[in-house]
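Just below is one structure, and these are the notes that go with it.
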Amino acid sequence: MQMNRTGTGGLVDRSRAISFSFDGKRYRGHPGDTLASALLANGVVLTGRSFKYHRPRGIVSAGSEEPNALVELRKGAYREPNTRATMVELFEGLEANSQNRWPSLQYDLLSVNSLLSSVFVAGFYYKTFMWPAALWEKLYEPAIRRAAGLGRAADEADPDHYEKVTAHCDVLIVGGGPAGIAAAVAASQSNARVILVDEGAALGGRAIDDAATIDDTHAIKWVAAMEEHLKHAPNVKVLKRTTVFGCYDDQTFGAVERVADHLPRADAKMPRQRLWRIVARRSLVAAGATERPLVFGGNDRPGVMLAGAVRTYINRYGVAPGRKAVVFTNNDDALKTVNDLAASGVKVVAIVDSRRTKSAVATRAAEAVGATLFSAAVVRNTIGSKRVRGVEIDTAGGQTMSVDCDLLAVSGGWNPNVQL
């Protein structure tokens, strides 16, 4: 029973079910899901605990920028710690476990540390546990590491094998969104040797996440048509599930391809991952942008998500991450989330806009879904324990109001991904 799965939409295959487990409990998802989207579809919002105070942590984003949903995969020699649930493709029999909790994720005894946060300040350990010196290595340090550590590395030798490849091209395109795809198509028509790289399992980027229209065609159909064109272009190589991690001298790039991470077990003749050394005459970075969060009390509580990520789960995975939502923003882009939430059956009860000037876009969005618009206002705190149950809003008039919700979508604008 996937309580938060929408009836239509997305790239998931609803005709097939996939069984997986999280902390020993069985769930079901669909091909095309990530572990994060499948957990949200099943109503699971608590995915981890914070490093120091063991505060509840939930899924914030939908991509490689995810800071909270770090899980441990597989068992024995195949055990892999600190893997982002947002980047784990679902497969039959996947076993995932939460980290940094004892005795369980729901009831973590070390969460008492949050009550002592005023005592456990930065450097507390090194100023306090210095005497007697002999106990540092034998008692203090092991205890601190067990309390504050994240995943567990495998105790046995890695049974998988890996490859490295060198490739040369005329044009390297980093990013498989509409801009990257269009550039690859254009470059392919000039007979240039083209390599198109994207870290996702499917091309399309935010065009899919936002259910955009390109050339009067729905993004999913447009991407499929362009991908088919590139497939038959002999001078184009498309690398999915591949992350470009660095740009070096003489237009040399490093990339890691996740060849078999999405499979239950890699074939004996198949590498698990492949390291690419790509030498390009020209490069084009079309890696999109990363959404900024907003700062307020309790913004780390499960149920607080980036507004763009909420749209991703709705439009790419067919998952509505909540039932009653508040959108908190300082820009118009997040207001797209209001419409997508309403279309997926989620009640948007309030829009909190921190801008001093009232936005006409926000006004129309609030009227369209019957939400209350708070202009020149901010969310000051979230209410709840292991997930959001409501928010406290500081209004323009200086009042503090409480609004019930189980999802808070936030947006502080976007930063372009120009790190390369």
Side-chain angles (χ1 to χ4, degrees), residues 2-10 40-41 43 45 58-60 62 209-213 218 291 293-294 296 298-299 301-384 387-413:
Q2 300 176 46
M3 61 183 71
N4 290 339
R5 182 75 68 179
T6 59
T8 59
L40 289 172
V45 295
I59 298 164
V60 174
D209 299 339
D210 290 338
T213 299
H218 192 283
E291 194 167 22
L294 291 169
F296 50 90
N299 67 345
R301 188 162 280 119
V304 178
M305 299 178 65
L306 294 172
V310 172
R311 297 201 298 275
T312 300
Y313 287 112
I314 292 172
N315 296 318
R316 182 179 288 266
Y317 301 109
V319 173
R323 286 284 176 262
K324 186 184 292 187
V326 170
V327 176
F328 178 27
T329 182
N330 63 7
N331 61 84
D332 283 343
D333 181 79
L335 300 172
K336 301 174 187 174
T337 306
V338 175
N339 299 326
D340 288 350
L341 282 167
S344 64
V346 178
K347 174 65 176 175
V348 181
V349 294
I351 299 172
V352 183
D353 191 335
S354 65
R355 292 172 289 184
R356 294 180 181 274
T357 303
K358 193 170 185 178
S359 165
V361 178
T363 301
R364 289 194 298 270
E367 291 174 351
V369 300
T372 303
L373 174 61
F374 296 92
S375 295
V378 295
V379 171
R380 66 173 297 166
N381 207 347
T382 56
I383 302 169
R387 72 163 303 157
V388 169
R389 299 295 181 188
V391 296
E392 294 179 350
I393 301 170
D394 282 348
T395 67
Q399 299 175 314
T400 299
M401 297 184 60
S402 296
V403 176
D404 293 336
C405 66
D406 62 1
L407 172 65
L408 175 59
V410 304
S411 176

Salt bridge Asp209-Arg311, side-chain N to carboxylate O under 4.0 Å: no
Close side-chain approach of Val352 and Val391, heavy atoms under 4.5 Å: no
Check: Asp332 side chain, Leu335 main-chain N or O, donor-acceptor pair, under 3.5 Å: no
From CA spacing to verdict: side chain to side chain contact (heavy atoms under 4.5 Å, CB included), Thr329, Thr337: CA-CA 10 Å; Thr329 182; Thr337 306; over 6 Å; no
Value rounded to 0.5 Å, distance of CD in Glu392 from OG1 in Thr382: 8.5 Å
Spatial distance of atom CD1 (Ile393) from atom OG1 (Thr395) [nearest 0.5 Å]: 9.0 Å
Exercise: do Glu291 and Ser411 side chains pair donor with acceptor under 3.5 Å: yes
Close side-chain approach of Val346 and Ile314, heavy atoms under 4.5 Å: no
Test side-chain hydrogen bond (donor to acceptor under 3.5 Å, both in side chains) applied to Asp340 - qualifying residues, sequence neighbours left out: Asn315
Pairwise side-chain contact, Asp394 with Phe296, heavy-atom cut-off 4.5 Å (strictly under): no
Gap between atom CZ of Arg356 and atom OG of Ser375 - 0.5 Å precision: 13.0 Å
Cationic N near anionic O, under 4.0 Å, Arg323 to Asp406: no
Student check: side-chain heavy atoms of Val378 and Phe328 closer than 4.5 Å: yes
Worked verdict on Leu373 versus Thr363 for side chain to side chain contact (heavy atoms under 4.5 Å, CB included): CA-CA 7 Å; Leu373 174 61; Thr363 301; 3.7 Å; yes
Beyond-backbone contact of Val60 with Val304, side-chain heavy atoms, under 4.5 angstrom: no
Pairs satisfying side chain to side chain donor-acceptor pair (under 3.5 Å), at least one member in residues 342-354, at least two apart: Asp353-Arg355
Gap between atom OG1 of Thr6 and atom OH of Tyr313 - 0.5 Å precision: 14.0 Å
Nearest heavy-atom neighbours spanning Ala362 and Ile351: O-CD1, 4.2 Å
Trace of the side chain to side chain contact (heavy atoms under 4.5 Å, CB included) decision for Thr372 with Val349: CA-CA 6 Å; Thr372 303; Val349 294; over 6 Å; no
Contact summary for Val348 and Ala371, nearest pair of heavy atoms: O-CB, 3.3 Å
CG-CZ distance between Asp210 and Arg316, expressed to the nearest 0.5 angstrom: 10.0 Å
Side chain Asn4, main chain Leu40, donor-acceptor under 3.5 Å: yes
Side chain to side chain contact (heavy atoms under 4.5 Å, CB included) between Val319 and Arg5, intermediate numbers included: CA-CA 5 Å; Val319 173; Arg5 182 75 68 179; 3.4 Å; yes
